[in-house]
Peer 1: 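Handing you this structure, nothing more for now.
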Amino acid sequence: MQFLEALPRFVFFTGKGGVGKTSIACATAIDLAARGRRVLLVSTDPASNVGQVFGVEIGNRITPIPAVPNLSALEIDPQAAAQAYRDRIVGPVRGLLPDSVVKGIEEQLSGACTTEIAAFDEFTGLLVDSSLTHDYQHIVFDTAPTGHTIRLLQLPGAWSGFLEAGKGDASCLGPLAGLEKQRSQYKAAVDALADGARTRLVLVTRAQKATLREVARTHDELAAIGIDRQFLVINGLLPAGEAEGDPLAAAIFAREQAALAAMPAGLAGLPTDRIALKPFNLVGLDALRQLFVAANVGRADDEAPVTPPAAPDIAGLVDGIAADGHGLVMLMGKGGVGKTTLAAAVAVELARRGLPVHLTTSDPAAHLAETLEGSLDQLTVSRIDPAAETERYRQHVLDTQGAKLDAQGRALLEEDLRSPCTEEIAVFQAFSRIIREAGRKFVVMDTAPTGHTLLLLDATGAYHREIVRQMGSGGTHFTTPMMQLQDPKRTKVLIVTLAETTPVLEAANLQADLRRAGIEPWAWVINNSVAAAGPRSALLRRRARNELAEIENVAARHASRYALVPLLRDEPVGVERLCQMVRRTQANQGA
């Protein structure tokens, strides 16, 4: 593997959700530790599953991995980091200021902006020389999905510039209170990220057109902020021999080769490694140690056929959704499980039945337009664009609050509106506007990967608590966005997963988080099931057999209702294929 040669101290793995960053980061850390190097493996993903991969509870502290000498791991837990950050700010004034003032400060620190700042604060501490990291020769970062990673890597420069000019006025005053003393640390972090002798950035992707386009954008954006020493890993490639005698495998192989042939020019010149699809799940040390080794699968006739499991299809779920006539449908789950495609399929089927539908996404890496490839009566499509929403919000504030200020006050307001926290407020307002539409039509929302979604809901919850505090005692009737999300008559949450160990565990954790917020998921969707497609190749049969236990796990333990969607021979792109996906036509399956 080229990306493993002469590794510098810091190694980052980034890419679209679901491409295998965590597995490759973990395998890299194991490989380095086996060479006698002292390694710290760090996850900066709000939806980290490093602990699940190793079978060890890690959390927000450096934890040795008992089975791997020289290896320790750390998961930066955004919620724990935020609580510690709040305690550091509020603790010194508790008891000195009136309770009402302290409560106001706590409310100001309750949103997603504080969570992001606190996680960033911990992240930068790992990029500078400190007692925390000086014992480690390599620090391997399993970063969050693309949008979050870009945000995280851009923050050092954004916050340094913002602090240099002054703390602003309102939107970030609370969250920023703990950052003023950290300027030198942020500058050191920026320098480390841009130094090719100290940092290597590994872009991880799959051989899929949309995923390659996304990683190409990541390449360009990172290069633009000075991180231009990059490597490329194309993960999960189906070996050529598996395509013989299996129409499903042949179609997958052809799609992958076509995607590679049309690879964006910016990626073609990067040092590139290719990793073959494995017949086993990448959980546990034995599996991870085999990731960079060619697997011997055997012949197809060595593997007994897998009988597709009897399970409900997605058409049944759409029947239940359509019966209400309107409402909010939110698809949530780990990055890369197919939420965008399933959201489009549900929306298209509802519109095909003559129901008005608004299909939208809050995912910065979504590709709804590419998935639909056409129009349909009763269906409108939109995307919450953070940049556009931020500019709209900024202009609104300047036209209203700014109109009452003198030149100096307006300049201060403009400075405040350039802070990274402004985006959080703007996106939340767009989210709230769309939720209101669900009272008269269907709104199908393709949400961002799990960590993004929870941060968005956290902002919703903070707003809800503030409204309740202000209006709850006055007898005024009101409905906040969080109240709508908690009402099963108004909102149906569909959790999307794959029939694999880690995605199912992460989906179960998401369900637990939603329940703690008072939101009960309505159904689960197991997407891209190899077992449901009836494969013939030896490798795909082994993967299909591994799926059966996870499908049973979802049906028996986690979901009150669920649907199983097979891996399709033809990509579900375009209105007609999306309709076929819902109806699960035999012609479009691999059987």
Side-chain angles (χ1 to χ4, degrees), residues 1 3-5 7-15 18-81 84 119 122-123 125-127 129-145 149 152 199-202 204 233 235 275 278 280-293 295 334 450-451 500-506 508-509 546:
M1 294 289 166
F3 76 87
L4 285 171
E5 297 173 4
L7 274 178
R9 189 174 188 222
F10 302 116
V11 187
F12 284 84
F13 292 92
T14 190
V19 296
K21 296 184 301 294
T22 296
S23 297
I24 295 174
C26 290
T28 297
I30 292 170
D31 182 87
L32 290 170
R35 301 184 202 177
R37 312 291 288 178
R38 296 185 304 279
V39 183
L40 176 61
L41 174 63
V42 180
S43 174
T44 62
D45 190 338
S48 173
N49 58 11
V50 168
Q52 295 168 357
V53 169
F54 284 108
V56 175
E57 186 173 336
I58 297 171
N60 199 36
R61 66 195 184 285
I62 293 179
T63 303
I65 305 298
V68 186
N70 300 318
L71 177 60
S72 296
L74 167 68
E75 292 175 325
I76 294 180
D77 180 343
Q79 299 305 324
E122 291 202 13
F123 162 77
L126 299 171
L127 288 173
D129 291 329
S130 69
S131 58
L132 188 69
T133 60
H134 77 272
D135 285 338
Y136 299 101
Q137 294 163 291
H138 294 285
I139 302 179
V140 178
F141 290 88
D142 166 33
T143 63
T149 297
L152 192 61
T199 299
R200 177 165 299 174
L201 196 290
V202 182
V204 183
V233 174
N235 190 32
I275 298 176
K278 297 295 185 282
F280 45 81
N281 288 331
L282 290 165
V283 176
L285 289 175
D286 290 343
L288 289 168
R289 287 182 174 126
Q290 296 178 60
L291 179 57
F292 300 148
V293 179
K334 178 179 170 67
T450 306
E500 298 173 11
T501 305
T502 298
V504 169
L505 282 171
E506 186 156 322
N509 290 338
N546 291 337

Peer 1: CD1/Ile139 to CG/Leu127 distance, rounded to the nearest 0.5 angstrom?
Peer 2: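 Nearest 0.5 Å value for the CD1-CG distance: 7.5 Å.
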
Peer 1: Evaluate Thr133 against Arg9 for side chain to side chain contact (heavy atoms under 4.5 Å, CB included), listing each step before the verdict.
Peer 2: CA-CA 11 Å; Thr133 60; Arg9 189 174 188 222; 3.9 Å; yes

Peer 1: Taking all non-hydrogen atoms of both residues into account, name the closest pair between Lys278 and Val293 and its distance.
Peer 2: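 Distance-wise, the nearest heavy atoms are CE-O, 3.3 Å.
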
Peer 1: For a side chain to side chain contact (heavy atoms under 4.5 Å, CB included) check, start with the C-alpha distance between Met1 and Ile275, then their side-chain angles and the critical distance, and finish with the verdict.
Peer 2: CA-CA 9 Å; Met1 294 289 166; Ile275 298 176; 3.7 Å; yes

Peer 1: With side chains defined as the heavy atoms from C-beta onward, is the minimum distance between Leu74 and Leu126 less than 4.5 Å?
Peer 2: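 Yes, side chains in contact.
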
Peer 1: Checking side-chain contact (heavy atoms from CB on, under 4.5 Å) against Val202, which of Val140, Leu7, Val11 comes through?
Peer 2: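 Testing each of Val140, Leu7, Val11 against Val202, the sole residue satisfying side-chain contact (heavy atoms from CB on, under 4.5 Å) is Val11.
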
Peer 1: State, with a plain yes or no, whether a side-chain heavy atom of Leu4 is found less than 4.5 Å away from one of Phe292.
Peer 2: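 Answer yes - side chains close enough.
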
Peer 1: Any idea how Phe10 and Phe141 line up, ring-wise: parallel (<30°), tilted (30 to 60°), or perpendicular (>60°)?
Peer 2: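 Geometry flag for Phe141 against Phe10: tilted rings.
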
Peer 1: Is Tyr136 close to Ile62 at the side-chain level, that is, under 4.5 Å between some pair of heavy atoms?
Peer 2: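 Heavy-atom side-chain distance check passes, below 4.5 Å.
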
Peer 1: Measure the spacing between CG of Asp286 and CG of Leu288 and express it to the nearest 0.5 Å.
Peer 2: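 Result: 9.0 Å between the selected atoms.
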
Peer 1: Is there a side chain to side chain contact (heavy atoms under 4.5 Å, CB included) between Val204 and Val19? Walk through the geometry before answering.
Peer 2: CA-CA 6 Å; Val204 183; Val19 296; 3.7 Å; yes

Peer 1: Please round to the nearest 0.5 Å and tell me the distance separating atom CD of Glu506 and atom CD of Glu500.
Peer 2: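 If I round to the nearest 0.5 Å, the distance is 12.0 Å.
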
Peer 1: How many angstroms lie between CZ in Phe13 and OG in Ser23, if you round to the nearest 0.5 Å?
Peer 2: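 Phe13 CZ to Ser23 OG: 11.0 Å, rounded to 0.5 Å.
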
Peer 1: Going by side chain to side chain contact (heavy atoms under 4.5 Å, CB included), name the residues that satisfy it together with Ala67, two or more places apart in sequence or in a different chain.
Peer 2: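 Result, side chain to side chain contact (heavy atoms under 4.5 Å, CB included) vs Ala67: Leu285.
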
Peer 1: In chain order, what residues pass the side chain to side chain donor-acceptor pair (under 3.5 Å) check against Arg37, with sequence neighbours excluded?
Peer 2: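 For Arg37, the residues satisfying side chain to side chain donor-acceptor pair (under 3.5 Å) (neighbours in sequence not counted) are His138.
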
Peer 1: If you round to the nearest 0.5 Å, how far is OG1 of Thr63 from CG of Leu40?
Peer 2: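 Reported to 0.5 Å precision, the distance equals 9.5 Å.
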
Peer 1: Heavy atoms, side chains only, cut-off 4.5 Å: are Leu41 and Ile58 in contact?
Peer 2: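 No, every pair of side-chain atoms sits at 4.5 Å or beyond.
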
Peer 1: At their closest point, which heavy atom of Asn281 faces which heavy atom of Ala287, and how far apart are they?
Peer 2: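 Smallest heavy-atom distance, with atoms named: O-CB, 3.4 Å.
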
Peer 1: Heavy atoms only: give me the nearest Phe3-Arg200 pair and the separation to one decimal.
Peer 2: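 Heavy atoms of Phe3 and Arg200 come nearest at O-NH1, 2.9 Å.
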
Peer 1: Would Phe54 and Leu71 count as a side chain to side chain contact (heavy atoms under 4.5 Å, CB included) if you check the C-alpha gap in whole Å, the side-chain angles of each, and the deciding distance to 0.1 Å?
Peer 2: CA-CA 11 Å; Phe54 284 108; Leu71 177 60; 3.9 Å; yes

Peer 1: Would you mind reporting whether Asn70 and Gln137 have side-chain heavy atoms less than 4.5 Å apart?
Peer 2: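 No, side chains not in contact.
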
Peer 1: Can you spot which of Val42, Ile65, Asp142 makes a side-chain contact (heavy atoms from CB on, under 4.5 Å) with Val50?
Peer 2: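 With Val50 as partner, Val42, Ile65, Asp142 yield a single side-chain contact (heavy atoms from CB on, under 4.5 Å), made by Asp142.
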
Peer 1: Please, which pairs that meet salt bridge (charged side-chain N to carboxylate O under 4.0 Å, His left out) have at least one residue in residues 23-32, sequence neighbours excluded?
Peer 2: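 Sorted pair list: Asp31-Arg35.
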
Peer 1: What is the distance from atom CZ of Arg61 to atom OG of Ser72, rounded to the nearest 0.5 Å?
Peer 2: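 Between Arg61 CZ and Ser72 OG, I get 11.5 Å after rounding to 0.5 Å.
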
Peer 1: Measure the shortest side-chain to side-chain distance between Val56 and Pro66 over non-hydrogen atoms and say whether it is less than 4.5 angstrom.
Peer 2: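 A side-chain contact exists here, since the closest heavy-atom pair is under 4.5 Å.
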
